[in-house]
Amino acid sequence: MIDPYIIRERPDDIRRMLQSRVVDYDLNELILCEQERRRYIADTDKLRQERNDCGKTISELKKSREDATDMINHMKRVSAELRAQESMQTANEEKYQRLIRAMPNMIHDTVPLGPDDTTNVEINRWGLTDSKPKNHVDVAGDLLDIERAAKVAGSRFYYLKDGLVRLNYAIISYALDHLLEYGYTLVQPPYMINRQSMEGAIIAEDFEDVIYKIQDKDLYMVGTSEHAMAAMHSDEIMDGHTLPVRYAGVSPCFRKEAGAHGKDQKGIFRVHQFEKVEQFVYARPEQSWVEHQRMLRISEKFYESLSIPYRTVILSSGDMGKVASKTYDIEAWMAGQSAYREIVSCSNCTDYQARRLMIRYRDRTNDKPQYLHTLNSTLVATTRTMVAIMENHQRRDGHIDVPKPLQSYMNLKII
RNA sequence: GCGGGGAUCGCCUAGCCUGGUAGGGCGUGGGAUUGCUAAUCCCAUGUCAGCAAUGACACGGGGGUUCAAAUCCCCCUCCCCGCGCCA
């Protein structure tokens with residue numbers, strides 16, 4: 001969530017942000033609720049103080065064996081009044097939390113303003129692009145069985161076989177080694193997390209469209225290890241000297257894709273499950289933008305090493321996710337479709353997740369704890385990268401050239 | 001899954017039986033002193049608001065009893081030990 005200070009002091013900045021994101025939001029309702037909230041807190045505090053004072057007096061009277069009946073009667077009235085006040089305050093607090101948690105993050109100054117993906121701005125382009133005859137489904141042939149997966153699980157599932165299974169695991173191993181070189185700590189997180197943790201990482205409305213819930217349990221399948229990595233240090237005050245903390249999260253990702261009916265039906269570009277190696281960084285506010293660039297560069301280099309042509313774009317305000325303050329996408333060239341398609345998303349969420357999850361840091365014992373910044377970036381999502389490899393490295397004889405760095409992980413040069 | 005024991009401010013712990021301002025040790029931060037990294041002493045050290053005085057909140061979570069709950073009652077979660085089952 002955003003800093004409540006901004007709601008009080010700079011509501012016009014919020015209005016501009018909401019407009020840039022093309023988001024419908026009743027800001028006035030939040031402003032009123034926030035004003036009420038401060039009044040409720042002050043009122044209940046005052047009553048609590050009175051009740052606590054009465055308690056002390058009663059205790060002292062009893063100790064000196066004096067009659068405390070009058071005081072107890074008074075305290076009964078105060079307690080009753082407090083209970084009434086508290087229930088109003090709780091109702092207000094719930095409303096406030098619901099409203100402020102639905103409010104998107106503020107937008108960084110360098111984000112291009114625009115309504116959708118047509119206003120994204122390209123900032124980098126790498127590699128030679130050409131068109132190849134087959135799309136990844138045709139290249140994969142028998143190594144990919146979508147029909148049987150549909151029979152067994154439904155649409156957007158897949159069976160991988162032989163060379164593609166080895167390719168999948170090779171990508172993961174290579175990706176982990178790649179991040180290890182940059183000083184990342186490897187983390188394999190829980191694949192299911194509870195609601196509170198999930199709500200810290202994403203906005204409530206996203207639950208419906210992307211997150212699978214476990215029946216009768218307070219557990220949700222992670223849509224990305226980001227969710228589990230963000231919540232990892234929730235309710236903690238981290239030692240400032242350890243920042244930035246850089247994690248390489250590796251996990252399967254499960255997505256409902258409910259809002260994507262009819263989109264990318266072919267093959268394994270958009271599926272309900274895949275593996276992903278993710279960069280997740282906890283940083284000091286003053287270092288987070290440098291860290292953001294660093295993460296992007298690490299991902300770009302990864303695709304360069306695999307000889308996958310790509311371009312990098314800055315997402316415009318209307319195309320960004322709600323928790324991000326700024327997002328870069330890397331789009332890989334898919335030679336079989338002659339198009340650039342999203343393969344990496346690299347976001348600085350500033351203090352937005354940190355506030356929801358209560359993640360702070362301080363340098364010395366007596367310092368005031370500060371919210372830190374969280375950043376996340378795909379290093380590699382295996383299915384989409386396999387699509388890029390199959391389409392860009394397909395051969396005329398129907399085989400696939402394995403990119404050089406993966407050959408030793410697979411013990412294969414050609415699939 | 002069954003039985004037993006636990007959860008208190010970073011760590012260790014007192015308080016619970018008998019309801020009435022949550023105390024101590026270690027560690028950490030700051031300072032003093034001593035001509036050396038040590039020792040000693042003082043201050044600070046759960047969270048939030050506040051310039052501050054101060055106030056509120058906090059004893060795993062949620063209910064209940066009570067004027068008043070770390071303390072009494074109920075439910076839940078997690079951890080440890082033993083047994084069972086198991087990749």
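Order of the sequence lines sets the chain letters (A, B, ...), proteins ahead of strands, with each chain counted from 1.
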Quote, to the nearest angstrom, the [atom1] distance that separates [N] from [M].
N: B:C74; M: B:C26; atom1: P; answer: 39 Å
N: B:G6; M: B:G64; atom1: P; answer: 27 Å
N: B:G60; M: B:U8; atom1: C1'; answer: 10 Å
N: B:U28; M: B:C11; atom1: C1'; answer: 11 Å
N: B:C2; M: B:U71; atom1: C1'; answer: 30 Å
N: B:A44; M: B:C36; atom1: C1'; answer: 28 Å
N: B:A39; M: B:C57; atom1: C1'; answer: 40 Å
N: B:U45; M: B:G23; atom1: P; answer: 12 Å

Not counting sequence neighbours, which residues clear salt bridge (Lys or Arg N to Asp or Glu O under 4.0 Å) with A:Asp401? List them please.
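Salt bridge (Lys or Arg N to Asp or Glu O under 4.0 Å) list for A:Asp401, sorted by chain: A:Arg395.
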Greater than 12 external heavy atoms within 6.0 Å of A:Gln35's CD
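Buried by this count: over 12 neighbours within 6.0 Å.
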Tell me if the CG atom of A:Asp367 is crowded by more than 12 foreign heavy atoms within 6.0 Å.
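Buried by this count: over 12 neighbours within 6.0 Å.
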Return whichever of A:Cys54 or A:Ile72 has its heavy-atom-nearest nucleotide of RNA chain B closer to the 5' end.
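Result: A:Cys54.
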Of A:Pro369 and A:Arg364, whose closest RNA chain B nucleotide lies nearer the 5' terminus?
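Its nearest nucleotide lies further toward 5', so the answer is A:Arg364.
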Ion pair check, A:Glu94 and A:Arg98, cut-off under 4.0 Å
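Looking at A:Arg98 together with A:Glu94, the answer is no, because their closest N to O distance does not fall below 4.0 Å.
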So, are A:Lys301 and A:Glu304 salt-bridged, with charged N and O less than 4.0 Å apart?
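Salt bridge between A:Lys301 and A:Glu304, a charged N being under 4.0 Å from a carboxylate O: no.
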Just the rounded figure in Å: distance from [atom2] of [N] to [atom1] of [X].
X: A:Glu236; N: B:G46; atom1: CD; atom2: C1'; value: 15 Å
X: A:Asp239; N: B:G27; atom1: CG; atom2: C1'; value: 13 Å
X: A:Asp235; N: B:G10; atom1: CG; atom2: P; value: 12 Å
X: A:Met238; N: B:G10; atom1: CE; atom2: C1'; value: 14 Å
X: A:Lys76; N: B:U65; atom1: NZ; atom2: P; value: 14 Å
X: A:Asp367; N: B:G46; atom1: CG; atom2: C1'; value: 16 Å
X: A:Arg37; N: B:C48; atom1: CZ; atom2: P; value: 14 Å
X: A:Asp218; N: B:G62; atom1: CG; atom2: P; value: 14 Å

When all nucleic acid strands are considered with a 4.0 Å heavy-atom cut-off, which category describes A:Arg83: base, sugar-phosphate, or nothing?
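Sugar-phosphate, backbone atoms only, no base.
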Going 5' to 3' through nucleotides 70-79 of chain B and flagging B where a protein heavy-atom sits under 4.0 Å of the base, S where only the sugar-phosphate is that close, and - otherwise, we get ----------
Rounded to the nearest 0.5 Å, what separation is found between the OG atom of A:Ser347 and the CG atom of A:Leu296?
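A:Ser347 atom OG to A:Leu296 atom CG measures 10.5 Å (nearest 0.5 Å).
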Quick one: do the A:Asp329 and A:Asn120 side chains pair a donor with an acceptor below 3.5 Å?
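No, no side-chain donor-acceptor pair sits under 3.5 Å.
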Detail all sub-3.5 Å separations between protein N/O atoms and N/O atoms belonging to nucleotides 54-59 of chain B.
residue : atom : partner : partner atom : Å
B:A56   : OP1  : A:Asn52 : ND2          : 3.1
B:A56   : O2'  : A:Asp45 : OD1          : 3.0
B:C57   : OP1  : A:Arg48 : NE           : 3.3
B:C57   : OP1  : A:Arg51 : NH2          : 3.4
B:C57   : OP2  : A:Asn52 : ND2          : 3.1

Write out all pairs satisfying side-chain hydrogen bond (donor to acceptor under 3.5 Å, both in side chains) with one or both partners inside residues 217-234 of chain A, taking only residues at least two apart or from two chains.
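side-chain hydrogen bond (donor to acceptor under 3.5 Å, both in side chains) check on residues 217-234 of chain A returns A:Arg195-A:Tyr220, A:Thr224-A:Lys276, A:Glu226-A:Gln353, A:Glu226-A:Asn376, A:His233-A:Glu236, A:His233-A:Tyr247.
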With side-chain hydrogen bond (donor to acceptor under 3.5 Å, both in side chains) as the rule and sequence neighbours excluded, what pairs involving residues 403-415 of chain A come up?
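Qualifying pairs: A:Asp177-A:Tyr409.
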Could you check whether the rings of A:Tyr174 and A:His178 sit parallel, tilted or perpendicular, using 30° and 60° as the cut-offs?
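Judged by the thresholds at 30° and 60°, the geometry between A:Tyr174 and A:His178 is tilted.
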Cationic tip of A:Arg246 above A:Tyr182 ring, under 6.0 Å, 45° of axis:
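Negative - A:Arg246 is either too far from the ring of A:Tyr182 or too far off its axis.
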Stacked cation flag A:Arg148 on A:Tyr159, 6.0 angstrom / 45 deg:
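No cation-pi geometry.
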Contact summary for A:Leu30 and A:Leu99, nearest pair of heavy atoms
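Of all heavy-atom pairs spanning A:Leu30 and A:Leu99, the closest is CD1-CB, 3.7 Å.
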With a 4.0 Å limit, can you tell me whether A:Lys368 has a side-chain N or O closer than that to the phosphate oxygens OP1/OP2 of B:A49?
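True: A:Lys368 side-chain N/O within range (under 4.0 Å) of B:A49 OP1/OP2.
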Under 4.0 Å from OP1 or OP2 of B:U47: is there any side-chain N or O of A:Arg362 that close?
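For B:U47, OP1 or OP2 has a side-chain N or O of A:Arg362 closer than 4.0 Å.
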In dot-bracket notation, what is the pairing pattern of RNA chain B, taking Watson-Crick (N1-N3 plus N6-O4 or O6-N4) and G-U wobble (N1-O2 and O6-N3) contacts under 3.5 Å, with [ ] crossing and | for other strands?
((((((((.[[[[.)....(..]]]]((((((.......))))))((((....))))..[[[[[..)....]]]]])))))))....
Proximity to the side chain of [X] - top-ranked nucleotide from [options]:
X: A:Lys62; options: B:G30, B:C48, B:C67; answer: B:C67
X: A:Ser59; options: B:G20, B:A68, B:G29; answer: B:G20
X: A:Arg360; options: B:G29, B:C67, B:U47; answer: B:U47

